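Below is one structure, written out as structure tokens; the observations come after it.
What you see is a predicted model; the values in this text were computed from it and never measured.
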Amino acid sequence: MSQCFQVERPKSFEARRNTLLVPCSVHPFNTVKQGKGEIADDICLIIGEQLLDKTNDCSEDLKKALFLVGQIGGNEFNYGLLQESHVTQAKRFEGNKEKGLCLRDQKTEKQAHGTTRGSRNFTKNYRILHKSLNLEIRNRICRRAGYELGLPSLPVLLFGDSLADTGNCIRESICGARTACARLPYGMNFSQKKTTGRCSNGMLMIDFIALESGLPLLNPIKDQTANFRHGADFAVAGATALPVEILENEKMVNLSTNSSLSVQLDWMSSHFQTNGYTDRPDKLEKALFLVGGIGGNEFIFSLLEGKTMEETQRMVPEVVEAIIHGVRRVISLGATQIVVPGNFPGGCFPIALTIFMTDNSSAYDEHHCLKDFNNLIIFFNDHLRQAILDLKKEYPNITLIYGDYYNAYLWLLQNAASLGFEKNSLQKACCGTGGDYNFDIHIKCGDPGVSVCVDPSTYISWDGAHLTQEAYSWLARWLIDNNILPQLNWAPSLSV
């Protein structure tokens, strides 16, 4: 046993926080770059404490040591939740757990109890908190160690609209000025209760997919200060698959953004040239591309312009062609693993149920969704799925997956009660006002006087057009387990 390690049994955590135990002859950390104290510095970054006074003398021993930091830090959350404090209040401890793994004074501990309103679903919120927290803590540790260990980069590149935008819209002049997603209550359940540009109360599906895959959250490409080591998000709220020129020919105007799919793909090309991807197509072989979901906004615009379902349906082949053209572009740059999502059953969303409300009971299905609207989406999804199958024949060595958002949402709706959603609020907006669906096209979430439901985690719809963090988490789980990731030759690994 090296003299560098103090083998004793301290009586308190305060006493043992500076103690190193259990040296190990073989451990992945032994490949960390050489240098006096650098491994100790990395470990100190993780737990936030100076572990050893004799760092320079013990560098070789530290490289062979196995550090077990935890299991600790869970009781703080239990205390907070048992006092019925809101999940976001308890999640304040995330920073303390990462930095110190111990509470030094009573002041910080008292914050766990909080004063915010209680959760109406303790079990579900407890699960969500610990799931997201454990993933985040794990990923932070792995990222810090992983950068030194030289883990392979497995980027995710995402294109789409507001269902996937992690902050591009708010960085555009027109889109940023018009969107409500730039201000609270959007982001109210996000870490530190901050707005990020996501059109939800918290995280999106892509965030949960990234966390489950061991990756950090994707940064929006418009954030010039961001790190894009693990990929980038090119999606923009309000975006369409069709270019604005084609929309104008159809007498449709997109007031939100001009950043259609083709524009997002141009951003991608510039990003690749700047970062050396064009000269190294092998860097993209294990990358995951999500081209969509996109294409739903065109149909909304068309119907709002007074076009019939039949007229709107005639747009479908052109929309599908634009998406497939985008898939071809990413393939030409070296993409080998591509997911092309379809659309959700928009006829189940409060926005459609309000705008196209009718007294004709036969217009609704067993879930009280609009049949005609969903039939339009089914028609689009079927055409998109067939186009993907045709493309597979052309590119047999490329993994092309249809992302089945439609059936993922139906699964969520059919199992909503057992998943903890309020039965009487399945098609009501959490953040909204007025009408049968708590939605008003003229007075929306984020406007003055518009209230937020007591517990967003019991609602599927956030603002009538977008979903809650809780809904996105379940949809991401369904897609991961049943649709997308099982078909991919893609999985982050911590092997060294």
Taking all atoms of both residues into account, what is the closest heavy-atom pair of [X] and [Y], and its distance?
| X | Y | result |
| --- | --- | --- |
| Ile206 | Thr166 | CG2-CG2, 4.2 Å |
| Ile221 | Ala232 | CD1-CB, 3.9 Å |
| Thr312 | Ser302 | OG1-OG, 2.8 Å |
| Leu410 | Pro345 | CD2-CG, 4.4 Å |
| Gly238 | Phe301 | O-CZ, 4.4 Å |
| Leu467 | Phe349 | CD2-CZ, 3.9 Å |

Between Lys222 and Asp165, is there a salt bridge with N-O shorter than 4.0 Å?
-> no

State, with a plain yes or no, whether a side-chain heavy atom of [X] is found less than 4.5 Å away from one of [Y].
| X | Y | value |
| --- | --- | --- |
| Pro350 | Lys428 | no |
| Cys169 | Thr257 | no |
| Phe208 | Gln469 | yes |
| His271 | Phe228 | yes |
| Pro185 | Cys445 | yes |
| Asn219 | Asp233 | no |
| Ile443 | Val450 | yes |
| Trp474 | Ile460 | no |

Would a distance-only check, ignoring hydrogens and angles, find a side-chain to backbone donor-acceptor pair under 3.5 Å from Asp207 to Leu217?
->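 Answer holds: no.
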
Keeping the roles fixed (side chain from Thr458, backbone from Phe421), state whether a donor-acceptor pair exists under 3.5 Å.
->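 Side chain of Thr458 to backbone of Phe421, a donor-acceptor pair under 3.5 Å: no, none is there.
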
Who passes side chain to side chain donor-acceptor pair (under 3.5 Å) against Gln313, sequence neighbours left out?
->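 With sequence neighbours excluded, Gln313 shows a side chain to side chain donor-acceptor pair (under 3.5 Å) to no residue whatsoever.
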
[atom1]/[X] to [atom2]/[Y] distance, rounded to the nearest 0.5 angstrom?
| X | Y | atom1 | atom2 | value |
| --- | --- | --- | --- | --- |
| Ile377 | Leu370 | CD1 | CG | 11.0 Å |
| His466 | Phe344 | NE2 | CZ | 11.0 Å |
| Leu419 | Arg477 | CG | CZ | 12.5 Å |
| Leu255 | Ile174 | CG | CD1 | 9.5 Å |

Assess, by modelled atom type and distance only, whether the side chains of [X] and [Y] contain a donor and an acceptor separated by less than 3.5 Å.
| X | Y | result |
| --- | --- | --- |
| Asp440 | Thr433 | no |
| Tyr437 | His368 | yes |
| Asp404 | Asn483 | no |
| Thr196 | Arg198 | yes |
| Thr358 | Asn360 | no |
| Ser461 | Gln427 | no |
| Ser259 | Glu172 | yes |

Derivation of the salt bridge (charged side-chain N to carboxylate O under 4.0 Å, His left out) call for Asp463 and Lys444 = CA-CA 7 Å; Asp463 60 3; Lys444 300 179 181 178; over 6 Å; no

Please collect all disulfide bond (SG atoms under 2.5 Å apart) contacts where either partner lies in residues 353-388, sequence neighbours excluded, each pair once.
->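 Qualifying pairs: Cys348-Cys369.
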
